[in-house]
Amino acid sequence: MKLSSRHLLGLYGMPAEDIELILETATSFKEILNRPIKKVPTLQGKTIVNLFFENSTRTRISFELAERRLSADVVNFSVAGSSVSKGETLKDTARNIEAMKIDMVVLRHSAAGTPNFLTQVVKSNVVNAGDGLHEHPTQALLDMYTLKEKFGRLENLRVCIVGDIAHSRVALSNIYGLITMGAAVSVCGPATLIPREIEKLGIKVFHRIDDVIPKVDALNVLRIQLERQAGGMFPTLREYHRFFGVTKDRLGRAEHPITIMHPGPINRDVELSADVADGPHSVILEQVLNGVAVRMAVLYLLAPM
Amino acid sequence: MIEPLSQVDSKVDILVKDGIVESIRPSINPKDEYRVVGLKDKIICSGFMDMHVHLREPGFEHKETIETGTLSAAFGGFTAVCCMPNTNPAIDDESIALFVQSQGKKANGGIVDVYPIGAVTKRREGKELAPIAELVQAGAVGLSDDGLPVADAEVMRRVFEYAGMFGVPVIQHCEETSLSKHGVMNEGLVSTSLGLPGIPSIAEEVMIARDMMLSEYTTGRYHVAHISTAGSVELVRTAKKRNNRVTCEVTPHHFTLDDEAVRSFNTNTKMNPPLRTHKDVEAIREGLRDGTIDVIATDHAPHSLDEKEVDFIQAPFGIIGLESAVGLALTELVHTGFLSLPQLIEKFSVNPRRIVGKEISIEEGAEANFTFIDPKAEWKVDVASFKSKSKNSPFDGRTLKGKPVGIMNHGQLLLY
């Protein structure tokens with residue numbers, strides 16, 4: 001079984017069979033992660049470079065762990081202290097690294113579309129680890145894996161993404177992937193943080209969290225960044241918490257338990273109250289473990305053999 | 001020959017001597033000393049003018065020079081261009097205006113007339129009036145801070161008042177930058193899908209609305225550069241009913257492409273104003289048909305390969321247009337029935353020349369200033385063959401129907 005593309009740039013347009021294949025493959029890798037010896041020789045002799053042009057702790061560690069568990073050789077490249085600060089272009093940086101015989105590139109960049117650009121200038125297979133406000137496909141895949149694990153299905157599952165939708169690659173990738181898999185997707189947040197015409201992607205838009213909670217199976221709560229307040233997108237964090245924060249009280253008004261996800265890092269008591277983040281229906285730490293399994297699956301399926 | 005001014009559309013022979021039209025007859029018997037140029041099935045039009053180009057000289061000669069830019073114009077079917085003042089130094093001073101014209105006369109034997117557009121404010125900063133009278137006296141045919149809209153309403157009012165004394169058009173790149181900010185493409189479904197910051201249509205429209213009120217309040221002539229939205233077309237349509245000093249232009253890319261083209265992240269689909277939606281393209285075509293839009297101008301904006309071969313957000317705005325404009329207009333507007341050939345000639349020659357005061361006509365005794373077109377020839381755009389120093393076009397590889405085949409100006413004949 002193979003994926004229909006040799007790159008993972010995003011979930012937009014990715015066929016359902018590809019998503020299913022990744023999630024199934026991740027199941028076998030998760031089983032390995034629960035063994036006493038968590039390493040397989042699958043990518044022995046392959047070299048993967050993690051090109052991170054933007055600060056990231058958890059995504060980079062998750063990828064690196066996935067690569068090492070597959071026995072790949074790993075090179076980490078991050079902006080600080082690199083030739084980028086000397087004015088080298090992305091094209092030159094990538095080509096120079098590739099000249100050292102790299103098999104795959106994992107790219108994180110602050111500008112949307114950089115992975116697409118990279119595929120035009122290098123020959124390696126490219127995995128998008130987050131590009132600007134565009135896509136973060138492995139995050140959405142691990143979110144979908146977590147939901148599937150919990151509910152046994154994605155079809156007709158009611159999922160609402162809450163928060164700063166306008167500045168979220170996680171939201172976009174989740175929307176694309178979940179819709180392809182037949183889920184019923186909605187978003188909820190202040191009107192200033194919902195991008196124009198997003199309803200045309202086939203989702204519902206809400207501006208009141210209390211209207212959403214009774215109608216969903218899961219909430220994927222996004223991090224609210226303090227700089228959006230300075231940017232005039234909402235007045236204060238307190239007001240945000242009072243009107244959009246996911247709290248125990250609010251969830252208690254629903255007749256059924258609601259699964260809580262968060263891509264991290266959490267601002268406790270801003271978008272999510274502490275008792276909900278640590279509560280019985282939170283799958284936030286499961287997401288972290290599943291992230292390694294899903295990334296192993298992606299790297300394994302895309303690695304040139 | 002088609003001449004919309006005198007409503008002539010007939011098969012003729014034209015005798016040109018020393019660059020002057022000596023006679024126009026249904027048939028002229030050639031004498032031995034005549035050079036006969038066969039233009040069977042081709043159309044002779046009054047020379048086309050592109051009133052919105054960036055020739056990049058002085059200051060950005062790695063992108064384009066007046067020599068390469070006018071050669072590109074000549075091979076695109078234009079006998080005249082108006083060049084925008086966002087050079088370095090800017091054309092905000094008579095010496096630069098004179099320099100640009102002098103370079104134009106030297107370039108390619110001066111076959112393409114180069115008319116400078118002067119800045120409206122010093123250093124294009126939108127604060128103090130540029131020496132408008134001196135610029136006009138030195139040959140500037142219009143005024144604009146193109147690329148940098150005049151944000152301050154009071155300054156714009158004074159510009160209209162002052163420029164109104166000389167009858168030159170004030171050409172505004174309409175963009176309320178507090179609304180467009182970091183935008184790189186049209187705001188809408190596609191920008192949302194791609195996670196790219198958007199430039200909303202209202203950024204253009206609020207400034208047109210403001211400027212048309214200021215123009216009406218004063219005596220200033222107002223020309224809207226590269227109109228791009230359905231709302232803008234409607235605003236200009238309304239303005240023209242009240243104020244005959246308002247005109248506008250559109251680029252070939254804005255009547256051909258919509259923002260779906262950006263999905264490829266091709267940096268040659270990044271320009272300002274951005275490609276809008278299909279609905280906007282339709283409104284623009286209708287605006288061309290009903291005469292709301294007076295002019296087709298390219299906004300020819302050369303950038304080097306290195307500058308464009310970066311990610312979409314980092315890439316500079318702009319594409320070249322001189323060598324594909326006439327082909328695109330014939331393909332997208334004439335062969336689709338939006339414009340007749342005489343109307344096309346109005347948009348490429350009569351109207352821009354009237355707006356900047358450089359009228360010409362095809363008549364006995366007048367200077368021979370012609371564009372020759374073959375409206376039926378099929379051809380494929382190949383940027384590698386373009387004369388422009390830069391190759392940043394989204395139309396590479398596109399098949400078009402109809403093209404320019406040559407020009408004549410100042411006694412020089414160029415057939416490609």
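Every chain is numbered from 1 and lettered A, B, ... according to where its sequence line falls, protein lines coming before strand lines. Atom set for the values below is all heavy atoms of this structure, side chains included, hydrogens, waters and symmetry mates excluded. Because the structure is a prediction, the values reported are computed rather than measured.
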Which N or O donor-acceptor pairs, by atom type, sit under 3.5 Å across chain A and chain B?
| residue | atom | partner | partner atom | Å |
| --- | --- | --- | --- | --- |
| A:Tyr12 | OH | B:Arg263 | NH1 | 3.4 |
| A:Lys91 | NZ | B:Glu309 | OE1 | 2.4 |
| A:Tyr176 | OH | B:Ser193 | O | 2.6 |
| A:Arg196 | O | B:Thr192 | OG1 | 2.6 |
| A:Glu197 | OE1 | B:Leu189 | N | 3.1 |

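- Chain B forms more heavy-atom pairs under 4.5 Å with one residue of A:Ile165, A:Leu133, A:Leu201 than with any other, namely A:Leu133.
- Only the side chain of A:Leu172 comes within contact range of chain B, with at least one heavy atom under 4.5 Å from a heavy atom of that chain.
- Here A:Thr236 pairs with nothing under the side-chain hydrogen bond (donor to acceptor under 3.5 Å, both in side chains) rule; sequence neighbours left out.
- The ring pair (Phe, Tyr, Trp, His ring centres under 6.0 Å) test applied to A:Phe234 returns A:Tyr240, not counting sequence neighbours.
- Here the closest non-hydrogen pair linking A:Ala112 and B:Leu196 is CB-CD2, 3.5 Å.
- Every residue two or more places apart in sequence or in another chain that forms a side chain to side chain contact (heavy atoms under 4.5 Å, CB included) with A:Thr57 is listed here: A:Ile61.
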